[in-house]
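Just follow the structure's listing: the first ligand is 1, and inside any ligand the first atom is 1.
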Amino acid sequence: MENATQNWEQMTYPFFNLTLNYSLHALEPHINAKTMCAHYDRLLATYINNLNQILETRLDLQNMTLIELIDYAETNRDINLRRQAGGVYNHFFFFTELRPATGQIIIGITPQATQKITATFGGWKTFKEQFANAALSVFGSGYAWLVKNNKGELRITTTANQNVPQECTPILCIDVWEHAYYLQHLNERQAYIDAFWHVVDWVKFSERI
Ligand code: MN
């Protein structure tokens, strides 16, 4: 399934959960196994099942990728399809941008990535602060994102619920629904954001930026 995991953006019906490059306890102590079981194993599986159920009788939608389904749902105001496809897309994005902590928080970052972060935000410290502030500012459920707009400029943005960022290329996201951290950090979103930085796959980040 490694290919499917790498190419999930091309996946079409029937959708299935990805085989991650790391085990469910591999992100500890930053994201614990209990959280991963609830979040990746059960909650994401529910989104996938719900999406497959919608598509089962919709032959016209069965060869669409997640982004194509989301666009279709936006255009046709199909709220349920929009939510389920967005939920799968956002979680696939989130879980495949993570990797076990190495102890060296910035391992894998290329000089080019650092250059871009510095040019836009002044440096890693400011970028992380601004990204964390965006993540903290999400009222209720949603995500904070680092994205590249159509001009190639880096921007930090947020989305509510299972919306995906529009007209840009996502580079990094953090899921700040309470289900992403409540089992470990209770309502302490800041503690979860601090932990998150330890398990970002900076190699992937550098390729995307
Ligand atoms: Mn989630």
### Task
Any pair with a residue in residues 147-168 that passes salt bridge (Lys or Arg N to Asp or Glu O under 4.0 Å), sequence neighbours left out, goes on the list, sorted by first then second residue, please.
Glu153-Arg155
### Message
Side chains of Asn50 and Arg83: any donor to acceptor distance under 3.5 Å?
### Response
no
#### Entry: Set of side chain to side chain donor-acceptor pair (under 3.5 Å) partners for Thr114, sequence neighbours left out
Trp124
### Message
Ring-plane angle category for Phe121 and Phe127, please: parallel below 30°, perpendicular beyond 60°, tilted otherwise.
### Response
tilted
### Query
Remaining members of Leu186's ILVMFWY cluster at a side-chain heavy-atom cut-off under 4.5 Å?
Tyr182
#### Entry: Environment of the Mn ion (ligand 1) in terms of protein N/O/S atoms, cut-off under 2.8 Å
His39 NE2, His91 NE2, Asp175 OD2, His179 NE2
## Note on the structure
Interatomic distance, OG1@Thr96 vs NZ@Lys204, rounded to 0.5 Å, equals 4.5 Å
